[in-house]
Q: 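Before I ask anything, here is the structure I am working with.
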Amino acid sequence: MEKNMQNNFGILKERVSDALANSDLEFIRRELSKLNDPTIFSGVGGSRVASEFSSKVVNLKNGIITINSEPRDFIYRNNNGFKNIVSCSYGGNNYGVKLSFLNELKKYLLSNNSFDEEDVTYLKYTTTIEKERSFISLAATLIPVSIMLNYYLDGRSEKELDLISESKFNFESESEIYEIFSGYDTSSASTYLESTLIESGIGIPIVHDKYDYCHGRSTLEMNYKTNIIYFNRNTEFDKMMLEELKKYSNNIIIINSMFKDQILDDYQMLIQCMYLTKYIASKKKKDLSNVEYSPIVKKLYRYNGQI
C-alpha cells in the first residue's frame with residue numbers, strides 16, 4: 001500500500017538536486033532581486049507552501065512588504081497598494097493562477113512550466129527526472145521552496161541539500177486530532193502539515209498561533225483527546241509552553257529548531273513535517289502518493305466559473 005510513497009520519498013533529495021542543477025537559477029535570482037515594491041504571493045494546495053515560503057524569503061531578502069494570498073481573495077480585496085504578483089504553481093495553468101493574474105499587477109509565475117503570455121515573467125525550474133506521480137505534493141512542493149532558499153542563501157545549494165534527510169519518529173496515537181502550535185516563523189512547515197493531514201485523510205489538524213492559544217483555545221484539549229505537534233524554536237515562551245503542555249498531554253510531538261535563522265528553520269522543519277506525515281501514514285498503512293479521495297474532487301478540482 002505504501003510503495004509509491006516510499007519511492008517518492010526515496011528520490012526526494014535527488015529530485016531537488018536535479019532541479020537545482022538544471023534550472024536557470026541565475027535568471028530566477030536576478031528577476032527576484034528586481035522586486036522592490038509591495039508584492040503578493042499566491043498558491044493553492046502544495047503550492048501554497050511554496051507561496052508562503054517565497055513571501056517570507058522576499059520580505060527578508062528584498063526588504064519589501066509581502067503577503068501570501070488565496071487566489072479567490074484577489075477578487076474581494078483592494079490590491080491597489082501592491083505592484084507585483086508572484087503566482088506559484090507546479091503545472092502553471094490552474095484556475096488559481098488565472099484568478100491571481102486578473103489585475104494590473106506585474107506578473108510572475110514560479111513554475112515547472114512556461115507559456116507564451118508576454119506580460120508574464122516565467123521563473124521556470126527544470127527537472128530531468130521522471131515526473132512525480134503523487135496525490136500529496138512532495139518534490140513539487142520542496143523544489144520551488146528549495147529554489148527560493150537558494151536565492152535567500154545567494155546560491156549556496158549544498159545547504160538545502162544537506163538538510164533533506166529523514167527525521168525519525170516513534171509514537172503511538174490514541175486520537176485522530178492533531179493540535180499544531182505554530183506562528184509566522186514556522187508557517188511554511190505548518191501549512192504543509194495542515195494541508196497534508198486533511199488532503200490525505202490521515203488526521204484532523206487544528207492550527208494554533210502559539211500566543212493566541214493563551215487566550216482560551218486550551219479548552220479544546222479538556223474536552224477531546226488530542227495529539228500535540230509543537231514547533232519548538234527554543235524561546236523562553238516555547239520553554240514555558242512545553243512545560244505547561246506536558247502537564248496535560250501525554251502525546252507531544254516536538255519539531256525542534258536547528259538554526260537561529262527563521263528561514264532556515266522553516267525549511268528544515270518543513271522537511272521534518274514531510275517525514276512526520278510519512279510516519280503517520282505508514283502507521284495507518286496508507287500511501288500519501290496514492291490517496292483514496294472523495295468523488296467530489298472530480299467536480300471541484302477543475303472548476304473555473306464565477307467564484
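Values below: all heavy atoms of this structure, side chains included; hydrogens, waters and symmetry mates excluded.
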Q: Compare all side-chain heavy atoms of Ile143 with those of Thr141 and state whether any distance is below 4.5 angstrom.
A: no
Q: Scan side-chain atoms only and decide if Thr186 and Ser182 contain a donor-acceptor pair under the 3.5 Å cut-off.
A: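 The criterion, which ignores hydrogens and geometry beyond distance, is satisfied for Ser182 and Thr186.
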Q: Strictly by modelled atom types, are Thr277 and Tyr192 linked by a side-chain donor-acceptor pair under 3.5 Å?
A: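 Tyr192 and Thr277 do have a side-chain donor-acceptor pair below 3.5 Å.
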Q: Nearest 0.5 Å, please: how far is CG in Leu12 from OG in Ser17?
A: 11.0 Å
Q: Return yes when atom CZ of Phe171 has more than 12 non-hydrogen atoms of other residues, nucleotides or ligands closer than 6.0 Å, and no otherwise.
A: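 Counting neighbours around CZ of Phe171, more than 12 heavy atoms of other residues, nucleotides or ligands fall under 6.0 Å, so yes.
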Q: Looking at Gln268 and Asn256, would you say the former's side chain and the latter's main chain have a donor-acceptor pair under 3.5 Å?
A: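 Yes, the answer is positive, given that a donor and an acceptor are paired below the 3.5 Å cut-off.
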Q: Is it true that Tyr151 and Asn62 share a donor-acceptor pair across their side chains at a distance under 3.5 Å?
A: yes
Q: Under a 3.5 Å distance rule, please check whether Ser249 uses its side chain to pair with a backbone N or O of Lys246 as donor and acceptor.
A: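 Answer holds: no.
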Q: Less than 3.5 Å apart, any donor N or O on the side chain of Asn103 or Asn79 sitting next to an acceptor on the other?
A: no
Q: Asp265 side chain to Met258 main-chain N or O, any donor-acceptor pair under 3.5 Å?
A: yes
Q: Mind checking what makes side chain to side chain donor-acceptor pair (under 3.5 Å) contact with Ser146, not counting sequence neighbours?
A: Tyr267
Q: Are Tyr293 and Phe135 near enough that their ring centres are under 6.0 Å apart?
A: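 Here the rings of Phe135 and Tyr293 have centres that are less than 6.0 Å from each other.
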Q: Please answer: with hydrophobic residues joined when any side-chain heavy atoms are less than 4.5 Å apart, are Val120 and Phe41 in the same cluster?
A: no
Q: Show the numbers, then the answer: is there a side-chain contact (heavy atoms from CB on, under 4.5 Å) between Asp154 and Lys61?
A: CA-CA 10 Å; Asp154 295 320; Lys61 180 80 171 177; 2.4 Å; yes
Q: Given the rule in the side-chain contact (heavy atoms from CB on, under 4.5 Å) test, do Glu243 and Met241 qualify, once you have shown the distances and angles that lead to the verdict?
A: CA-CA 5 Å; Glu243 184 177 326; Met241 282 289 287; over 6 Å; no
Q: Quick check against the 3.5 Å criterion: does Asn223 have a side-chain atom that pairs as donor or acceptor with the backbone of Thr219?
A: yes
Q: Would you tell me whether Asn8 and Arg15 have side-chain atoms, one donor and one acceptor, within less than 3.5 Å of each other?
A: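 Distance-only check passes for Asn8 and Arg15.
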Q: Within this structure, what is the CD1-OG1 distance for the pair Ile136 and Thr196, rounded to the nearest 0.5 Å?
A: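 Here the rounded value is 5.0 Å.
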Q: Compute whether any side-chain donor of one residue and acceptor of the other, for Asn290 and Arg133, lie under 3.5 angstrom apart.
A: no
Q: Answer yes or no: does atom CG of Leu300 have more than 12 heavy-atom neighbours from other residues, nucleotides or ligands under 6.0 Å?
A: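 Counting neighbours around CG of Leu300, more than 12 heavy atoms of other residues, nucleotides or ligands fall under 6.0 Å, so yes.
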Q: Output yes when a side-chain donor or acceptor of Ser200 lies under 3.5 Å from a complementary backbone atom of Leu288, and no otherwise.
A: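 Answer holds: no.
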Q: Ignoring hydrogens and angles, state whether a donor on the side chain of Asp238 or Tyr230 is under 3.5 Å from an acceptor on the partner side chain.
A: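 Their side chains do contain a donor-acceptor pair, which is all the 3.5 Å distance test asks for.
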Q: Got a second to check how far Asn59's CG is from Ile263's CD1, nearest 0.5 Å?
A: 8.0 Å
Q: Please report the interatomic distance OH(Tyr152) to CD(Glu160), rounded to the nearest 0.5 Å.
A: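 Here the interatomic distance stands at 12.5 Å.
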Q: Say you draw a straight line from CD1 of Ile85 to CD1 of Ile40; how long is it, rounded to the nearest 0.5 Å?
A: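 Atom-to-atom, Ile85:CD1 and Ile40:CD1 are 5.5 Å apart.
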Q: Please say whether more than 12 non-hydrogen atoms of neighbouring residues, nucleotides or ligands are located less than 6.0 Å from CZ in Phe259.
A: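 Enclosed.
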Q: According to side chain to side chain donor-acceptor pair (under 3.5 Å), who are the partners of Glu132, at least two apart in sequence or on a separate chain?
A: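 Testing Glu132 for side chain to side chain donor-acceptor pair (under 3.5 Å), a comparison that skips the adjacent residues, returns none.
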Q: Could you check whether atom NZ of Lys83 has more than 12 heavy atoms from other residues, nucleotides or ligands sitting under 6.0 Å from it?
A: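 No, the 6.0 Å shell around NZ holds no more than 12 heavy atoms from other groups.
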Q: Just wondering, more than 12 heavy atoms not from Lys210 lying within 6.0 Å of its NZ?
A: yes
Q: Does atom CZ of Phe27 have more than 12 heavy-atom neighbours, drawn from other residues, nucleotides or ligands, at distances under 6.0 Å?
A: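 Buried by this count: over 12 neighbours within 6.0 Å.
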Q: Does the Asp266 side chain pair with the main chain of Ala189, one donor and one acceptor, at a distance under 3.5 Å?
A: yes
Q: Has Lys56 got its NZ or CZ under 6.0 Å from the middle of the six-membered ring of Tyr184, at an angle within 45 degrees of the ring axis?
A: yes
Q: Go through Ser54 and Leu110 one step at a time and tell me if the side-chain contact (heavy atoms from CB on, under 4.5 Å) criterion holds.
A: CA-CA 10 Å; Ser54 300; Leu110 179 61; 4.0 Å; yes
Q: Do you reckon Leu138 sits in the same ILVMFWY cluster as Val44, going by side-chain contacts under 4.5 Å, direct or chained?
A: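 In one cluster: no.
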Q: Under 3.5 Å, is there a donor-acceptor pair linking the side chains of Ser42 and Arg48?
A: no
Q: With a 3.5 Å distance limit and no angle check, can you tell me whether Asp37 reaches the backbone of Phe82 through a side-chain donor-acceptor pair?
A: no
Q: Kindly state whether the ring of Phe181 and the ring of Tyr213 have centres lying under 6.0 angstrom apart.
A: yes
Q: Phe9 and Tyr275: aromatic ring centres closer than 6.0 Å?
A: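 They qualify: ring centres under 6.0 Å apart.
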Q: Are a donor atom and an acceptor atom from the side chains of Tyr178 and Glu194 found within less than 3.5 Å of each other?
A: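 Absent: no donor and acceptor within the cut-off.
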Q: Are Ile65 and Thr39 close enough, and set up right, to give a side-chain contact (heavy atoms from CB on, under 4.5 Å), and what steps lead you there?
A: CA-CA 6 Å; Ile65 295 170; Thr39 301; over 6 Å; no
Q: Please check if Ile177 and Val207 belong to a single hydrophobic cluster, counting links between Ile, Leu, Val, Met, Phe, Trp and Tyr side chain heavy atoms closer than 4.5 Å.
A: no
Q: Between Ile67 and Phe53, is there shared hydrophobic-cluster membership here, with clusters defined by ILVMFWY side-chain heavy atoms closer than 4.5 Å?
A: no
Q: Are the side chain of Tyr303 and the backbone N or O of Tyr95 linked by a donor-acceptor pair below 3.5 Å?
A: no
Q: Suppose we call two aromatic rings close when their centres sit under 6.0 Å apart. Are Tyr122 and Tyr108 close by that rule?
A: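 For Tyr122 and Tyr108, the ring centres are not under 6.0 Å apart.
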Q: Should the heavy atoms of other residues, nucleotides or ligands under 6.0 Å from OH of Tyr76 be counted, would the total exceed 12?
A: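 Yes, OH of Tyr76 has more than 12 neighbouring heavy atoms, counting only those of other groups under 6.0 Å.
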Q: Both conditions, 6.0 Å and 45 degrees, for the charged tip of Arg72 above the ring of Phe74: are they met here?
A: no
Q: Decide if atom CG of Asp162 counts as having more than 12 heavy atoms of other residues, nucleotides or ligands within a radius under 6.0 Å.
A: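 It does: Asp162 CG has more than 12 such atoms within range.
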Q: What distance separates Asp116 CG from Glu118 CD, expressed to the nearest 0.5 Å?
A: 8.0 Å
Q: For Ser33 and Arg30, indicate whether the former's side chain and the latter's backbone hold a donor-acceptor pair under 3.5 Å.
A: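 Checking the backbone N and O of Arg30 against the side chain of Ser33, a donor-acceptor pair under 3.5 Å is found.
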Q: Side chains of Asn22 and Asp18: is there a donor and an acceptor less than 3.5 Å apart?
A: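 Yes, because at least one side-chain N or O of Asn22 sits under 3.5 Å from a partner of the opposite role on Asp18.
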Q: With a 3.5 Å cut-off and no angle check, do the side chains of Ser173 and Asn227 form a donor-acceptor pair?
A: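 Result is yes, a qualifying pair exists.
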Q: Could you verify whether a donor N or O on one side chain and an acceptor N or O on the other, from Ser134 and Ser289, lie under 3.5 Å apart?
A: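 The criterion, which ignores hydrogens and geometry beyond distance, is satisfied for Ser289 and Ser134.
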Q: Is a side-chain donor or acceptor of Ser55 paired with a backbone partner of Glu52 at a separation under 3.5 angstrom?
A: no
